[in-house]
Structures are given as structure tokens and as C-alpha cells.
Amino acid sequence: MGPVSDLVDHSSSWRRLLAVLPADVLIADELDTVVHARVEGGTSIDDGEDLIGRSLDDALPEWRDDGTNDRRDDVLFLTLALEGRTWTVAAFVGAGDGIRGRRERIEMQFRAAQVLAESEERFRHSFADNMAPMMFTDLENRITEVNTAFCRMIGRSREELLGSDSSEFTFPEDLGISESTHRRMTTDDVGQLRYVKRYLHKDGRVIVVEISKSTARDAEGNILYFVISERDITEERALSAQLAHQSLHDPLTGLANRAVFEDRLTQAQARLARRPGLAAVLLLDLDDFKAVNDAHGHVVSDHVIVTIAHRLEEVTRSSDTLCRLSGDEFLYLAEGLTSEDEAEQLALRLLEVFTQPIAVPGAQLEVHASAGVVVWDGATEGFQRVIQHADSAMYEAKRRGKGHYFLYTPDLEQQSVSRFALAQELRHALHAGELSMYYQPILDLASGEVTGFEALMRWRHPERGFVPPNVFIPLAEQSELILELGAFALRESVREASTWPAMGTLGAPFVTVNLSSRQFHDPELIKLIAESLATHHLAPERLVVEITESVTLLDVAETLSVLEQLQRRNVAVALDDFGTGYSSLSYLALLRPAILKIDRSFVSPPQKSDHNDTLLQMIVSLGQRLRMTVLAEGVETAEQLARLQALGCDLAQGFLFSPAVAAPEVARTREQVLG
Ligand code: C2E
Ligand code: CA
Ligand code: CA
């Protein structure tokens, strides 16, 4: 073993110390038993082997038995404290002249050697017991000594390691690192290096270590050995990699996050500046996702998000960027487009990804999304604005009935800026009495009499005037606020309807109240309805709730159970906006509403067409076959009314008869329409 091993080997350190003394020595322990002896200028302190094991008093006369009597005068006795023990050292000074000078010289050398031994001992402790893994290697890079921390770190014993080189436990790909650092230190005369390398633990784990390697040299500068101190940075590395990943990725889906997306947008803008073309930014937002969360809890809704994320990832081109913006919002950047049309095709493709059913425990969820699409030439605005525009377009898509995309146009801007402020104001509106219910008459086409009213909410804003429900209802649906608004609509409508007397041949009119999907799935709904009816003594037959197909997006089983409870209480259900939904026919058969409300787009289409008329005809006859009451909404012209009557439609409402009116005008409106 080399010099380093001597340092580590406990028994040898003080032997080395004594070996340097320029005298023969006897060393005895606390019991005065001789443990080492060097005789007659020998080269080893164990030369006098026959003296070892005997008592000091016994051994001393024999040690220098050249016939002279008292040898004690020639011997210097010293005390050595090492390793917590006390040793007696007898050093032979020799007889004759100059004995005094020799004594002093020996004593001085002994003290110097002892100081050295102590520092070596400190070093040995700091090495062997060091928390940091350490090792020494020789010029061939073989391990001459390792400490416990090192052995523990790589799961190998000291015996296994001694004499081997680190290649035996170095991660194969990192073998070159050991070689090149060794070369640099031996031939390029680099005194100290710090580098990172991977090891293989005996159990197969890969560990990452930071290594500080330095050289120990002799007085001439020749390398004697290498001192290597290491630090296990495996966990540190994993954590920082994770943090780096996290700062760029969404933890739930693993998709890039907004920061990455913004970076890509900036790059895209730079590219567009160099080479003109088009990019598209799409903001995709799940419809009624809050209701999914409310109905199924966050585990299921997380699953939905993750599923959608993976599906989107599958259709994302490598040159495009997909990120999760927040909760149920995704952003998509497509580069290298040549037309607006391409952006629209992309929007359709991405929206389709959402519509495939998602299996969750006990249900097949069908979700939909709306998309805001911005076609961007990179010229005019910064990326923040682009995302904002996509957001405005997305809200416009929602406002127009969800499940679709909307292409951004500059005039949307105005509305989107004020949306946030509006949401804040809406919270106060209810308590400030700014909200009220208006009522639009529903006519029975056979008799021409008013048979009911649809309750529609109105917000009279102190400065903005009337804010349309198409603006504020979707805002409220973003939060719990919709539940408050919905409860207000129900109570207020029931209270108002309870004041309507019977007139004509049909009895007292019914009131229809719109329920948003979220409200429909609110566990308090049935109680709220029952309480409202009871408080105002309204017969349940005079209340109709209007729902859209979006209520079934959540959970068909739960939807059916709510419907059943309503039915048991004799509260009828109207399916609103029929024909605009996603899978109208299957849901119609499933929900079996009492009333089918044909969407305005079929009743009063922007352009008259045979195709549209055929659709209208089919919808009416479908309702009839399913024995539902068919109600046409948005009737604006006498021609439209005549057509509906010819088709045998039961009920109708629309501007032709009357818009929604404030409560005090309900009675007068009834008489007017009747007359
Ligand atoms: P909706 O349930 O489809 O209501 C019918 C909408 O069509 C009403 O708009 C009504 O004023 C309008 N309308 C009626 N007749 C005609 C017509 O002949 N031509 C045209 N072009 N429109 C007509 P409004 O009041 O602006 O409400 C818009 C939407 O806001 C409603 O659509 C409904 O989805 C929602 N909404 C209104 N009040 C409530 C409410 O109390 N609760 C909930 N959850 N939603 C509400
Ligand atoms: Ca309605
Ligand atoms: Ca409607």
C-alpha cells in the first residue's frame, strides 16, 4: 500500500513517526509492555523482535547490552500521547561527549514528529469519518483508499473497491469523463478539477456525483496520488430538473405552460417579420366545465383535462405549439399557414378532439369546447394582445352557443376590454336591485291565446343601460354567481306567476324559467323549486324549466335523476334551443322533455331556404311523433307564423307577438296579444 494507506491505517501512523527518529527506540504501552523495538541502528522499529512483549524494565538492559552497566544514562525517556493513549518512548542517545546536544536534538525532532502525527491523525479522522464520500487514487487511477461515506454512496465495500478503478462502477456513458480528467491532471498539469459524473450503485440506481479531484505532490512537484472528494447530487439534480420542467410545464398534463407559449409566440413573430406568412392562435375552452367539476369532483375533471390534453397532443403538428393555459383552457399556435381557411379547418379539427366520449367511473362524459381563433400576420401587435384577442373570440364563440369556433375581428375588442369590469359589477347588481325578470308571452296557436310566459332576466346598469343576458349570463356562468342569479330568477318568476289570474279558455298562464347547466346540477335545485312553489302557492303545473342539451354533457345518469325528481313534482321541462345542440336526437329520446323549443335559427332563418324549411318540418314532426308539445321561438313575421300553423306547431313566441315585458305590463300585454 502506498503512503496514503499508511495515513489511513491507524497502527502505522505513529510507527512512521518513530521511524523518522534518528535513534534506536523502545516503545511501551501504559502497562510498560514493549510493543516496538529498534536495535543497533536498525531500519525498522520492529527489529528487536525478541524484546517485544516483555516489560520495559526487563527489556531495557538487554536492548543495548554491550557490557556497560547503567544504560539508563544514555536513554532519553519521552511520553507520547496518540489515539487517546499514552506511550512511553525510550530513545537511545548514546554515551560520551556531546550527549547533551544529542538529547536536545532528539527531543526536538520527536516533538516535531509528534505534531506531524497529530495532524495526520486529524486528517485520518476527517477522511475516514467524513460525511463526504472521499477516495485516493494512485497514478494509474486505482483506488488506494476510500472512506465509509464513499462505500455507502455506491453500495460497495472498501475491500471490493481497493485496487480497482472507478470504471467498474461508472455509468458506461461517462467512462470518457474519468479518462479525460485523469489525462488533464497527469499530462496537462492541471492541479485541481471539478466535474460531474454518474455512477452505478450496486443496486442498479444511477447516481450523479459532483467530483473535486486534486493532486498531492512531492517537494519536486511530482504527483504522488490524487485526492478525490465527491458529493452525491442525484436528488439535487432531479429536483432542479423537475423545477426547470415545472417552470415550463403544466404539472397536471405535462403540456407546455403559458411561459413557453409566449416564448414561442415571440419566436413566431420574429419569423413572420423575416418571412411574411400567417400564424394562427387558438384558445380552446371546455364548455360548462365548471359543472363537470361540480358534478363529479376534481379527480374526474382532472382526468378529463388530462385525456383531452393527450388527445390534443396527438394531433399537434411538430411545428405547432400546444399549452395548457389554465383550468380548462388550452392554447394552440400554428405556424406556416397560408390562409384564414386553414386556420378554420384547424379549429374544426381541434374541436372535434373534445367530442369523443371520455370514460369516467360510472359514466361516459361527453364534453365540448369553444374556440377563439386569431389569424396573425405578426405585424401589428405583441403576443399578449394576440392571446387577448383569442380570448375575446372564444367568448364570442360561447356567446353564440358554444361548441364552435369564432374568428377574431377587431370590433370584438371593445367588448372584451369591458368584460372583466362587467363581471365585477354583476356581483353587486343583484343586491343593488339592478336585476329584474321580464316576461315574453307564449301563444297557443290553436286558440290564439297567451298560455304562458318565458321569464328572461334583465340587467339595468346605472351607467351602461340594459346589458343583454347574452353578455352577463355567460359571465355569471364562470362562477358560483350563476347560482345566485338562477335562484333569483326562479323565486322572482314563481312569485310573479302566482299573481297571474286565469283569463280566456286556458286557465292561468304558466311561466318558463331558464336554468343554466350549472344550476341544473346544483343539489339545492329541487329544494329551491319546492320552496318557491310553496312560498307563493303556485301549482307546480304552472312552472316549466327550460334546459339545453348542455345539461347532459355532464352525466347522463345524474341528469335523468334530476329530471325524474322534477317529473315527480309535476314540474315540466322544456328543451331549449333545439336543433343547435350536438347530438340533438339521441338526447331528445333520452330526456323526453314535455316541451320542445325549436331554435330561432330554424323559425326565422337569416335567409329563407328550402333546406331550412325541410329541417323545420322534420323537427316539428319529430316532436309530434315523440308526443311533445312543440314550441317555436323567435317568430318575427306573419309568414313564419302561417308556416308553423300549417305544420301543426303547438305554441309560439316571438317579436311578432311581443318582446319580453316588465312584470307590471304582463296583464296588458296578454290582452293586447289576445285582441
Ligand atoms: P333564450 O332562452 O333562447 O331566450 C330567447 C331569447 O330570444 C331572448 O333573448 C328573447 O328576448 C329573444 N327573442 C324572443 N323573441 C325573439 C324574436 O322574435 N326574434 C329575436 N331575434 N329574438 C327573440 P334574451 O332575453 O336576450 O336572452 C338571451 C339568452 O339569455 C336566453 O336565450 C337565455 O339563454 C339567457 N337567459 C335569459 N334570461 C335567463 C335567466 O333568467 N337564466 C338563464 N340561465 N339564462 C337566461
Ligand atoms: Ca329560453
Ligand atoms: Ca331559446
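Just so you know, residue 1 is the first one in the sequence shown, and it goes up from there. Just so you know, ligand 1 is whichever comes first in the structure, and atom 1 is the first atom listed for that ligand.
- Close contacts between ligand 1 and Asp577 involve ligand atoms 3 (O) [criterion: under 4.0 Å to a heavy atom].
- Checking Thr512 against Glu454 by side-chain atom types alone, no donor-acceptor pair falls below 3.5 Å.
- Ligand 1 places these atoms under 4.0 Å from at least one heavy atom of Gln440: 14 (C), 15 (N).
- When you scan the N, O or S atoms of Glu546 for the one nearest the Ca ion (ligand 2), you land on OE1.
- Between Arg668 and Glu671 there is no salt bridge, since none of the side-chain N atoms of the basic residue sits less than 4.0 Å from a carboxylate O of the acidic one.
- Distances from ligand 1 to the non-hydrogen atoms of Arg458 include at least one value under 4.0 Å.
- Distances from atom 3 (O) of ligand 1 to the protein include at least one heavy-atom value under 4.0 Å.
- Near Val635, meaning under 4.0 Å from one of its heavy atoms, ligand 1 places the atoms 18 (O).
- The single protein non-hydrogen atom nearest to atom 6 (C) of ligand 1 is Arg600 NH1, 3.8 Å, given as residue, atom name and distance.
- For the Ca ion (ligand 3), the set of nearby N, O or S atoms under 3.0 Å includes one belonging to Glu633.
- When OD1 of Asp576 and OD1 of Asp577 are joined through the Ca ion (ligand 3), the resulting angle is 90° to the nearest 10°.
- Judged by the shortest distance from any of its heavy atoms, Gln519 lies outside the 4.0 Å radius around the atoms of ligand 1.
- Side chains of His461 and Glu434: a donor-acceptor N/O pair is absent below 3.5 angstrom, by distance only.
- Proximity of atom 24 (P) of ligand 1 to the protein is indicated by at least one non-hydrogen atom lying closer than 4.0 angstrom.
- At a cut-off of 3.5 Å, with distance as the only test, no side-chain donor of Tyr439 or Glu496 sits close to an acceptor on the other residue.
- Counting heavy atoms closer than 4.0 Å to ligand 1, residue Glu454 contributes side-chain atoms (C-beta onward) but none from N, CA, C or O.
- Within a 4.0 Å radius of atom 32 (O) of ligand 1, the protein has no heavy atom.
- When side chains are defined from C-beta on, Phe657 counts as touching Leu641, because their heavy atoms get closer than 4.5 Å.
- The Ser516 neighbourhood of ligand 1 comprises atoms 44 (N), with distances under 4.0 Å to a heavy atom of that residue.
- At a threshold of 3.0 Å, the Ca ion (ligand 2) has a backbone or side-chain N, O or S atom of Glu454 nearer than that distance.
- A salt bridge does not link Glu639 to Arg643: none of the charged side-chain nitrogens sits closer than 4.0 Å to a carboxylate oxygen.
- Neither the backbone nor the side chain of Ile482 has any atom closer than 4.0 Å to an atom of ligand 1 (non-hydrogen atoms only).
- Heavy-atom contacts of Glu636 reach the following atoms of ligand 1: 17 (C), 18 (O), 19 (N), 20 (C), 21 (N) (cutoff under 4.0 Å).
- Looking from atom 16 (C) of ligand 1 to the surrounding protein, the closest heavy atom is Phe655 CE2, 3.3 Å.
- In terms of N/O distances under 3.5 Å, ligand 1 is not approached by Ala455.
- Protein heavy atom nearest atom 40 (C) of ligand 1, with residue, atom name and distance: Asn514 CB, 3.9 Å.
- Counted by atom type alone, Thr505 and Glu449 present one or more donor-acceptor pairs between their side chains at under 3.5 Å.
- Residue Asn514 counts as close to the Ca ion (ligand 2), with an N, O or S atom under 3.0 Å.
- Asp444 and Thr451 are not linked by any side-chain donor-acceptor pair at a separation below 3.5 angstrom, with hydrogens and angles left out of the test.
- Under a 4.0 Å criterion applied to the non-hydrogen atoms of Met437, ligand 1 contributes the atoms 41 (O).
- Within ligand 1, counting atoms from 1 as listed, the ones closer than 4.0 Å to a heavy atom of Ala489 are 41 (O).
- Closest to atom 28 (C) of ligand 1, if we only count protein heavy atoms, is Asn470 OD1, 3.3 Å.
- Of all atoms in ligand 1, listed by their number and element, those nearer than 4.0 Å to a heavy atom of Glu633 are 3 (O).
- For His368 and Phe354, the gap between ring centers reaches or exceeds 6.0 Å.
- For Glu665, the CD atom sits in a packed shell: over 12 heavy atoms of surrounding residues, nucleotides or ligands are nearer than 6.0 Å.
- Of the candidates Pro474, Pro468, Pro469, Pro469 brings a heavy atom nearest to atom 26 (O) of ligand 1.
- When only non-hydrogen protein atoms are considered, atom 10 (C) of ligand 1 lies nearest to Leu456 CD1, 3.7 Å.
- Checked against the 6.0 Å centroid criterion, the rings of Trp500 and Phe510 do not qualify as a close aromatic pair.
- The shortest contact between atom 38 (N) of ligand 1 and any protein heavy atom is with Met457 N, 3.0 Å.
- Note on ligand 1: Gly486 sits outside its first shell, no heavy atom being nearer than 4.0 Å.
- Side-chain contact of Glu558 with Ser561: a donor-acceptor pair under 3.5 Å is absent, judged by distance alone.
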* Given the rule in the side-chain contact (heavy atoms from CB on, under 4.5 Å) test, do Gln617 and Asp613 qualify, once you have shown the distances and angles that lead to the verdict? -> CA-CA 6 Å; Gln617 214 177 311; Asp613 189 65; 3.8 Å; yes

* Audit row: Leu265, Ile387, side-chain contact (heavy atoms from CB on, under 4.5 Å) steps and yes/no -> CA-CA 10 Å; Leu265 274 181; Ile387 296 177; 3.9 Å; yes

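- Between the side chain of Asp287 and the main chain of Gly403, a donor-acceptor pair closer than 3.5 Å is present.
- Salt-bridge formation is not detected for the pair Lys597/Asp577: no Lys NZ or Arg NE/NH1/NH2 atom is positioned less than 4.0 Å from an Asp or Glu carboxylate oxygen.
- Protein heavy atom at the shortest distance from atom 1 (P) of ligand 1 is Asp576 OD2, 4.0 Å.
- The residues Lys290 and Glu480 are annotated as not salt-bridged, no charged nitrogen and carboxylate oxygen being separated by less than 4.0 angstrom.
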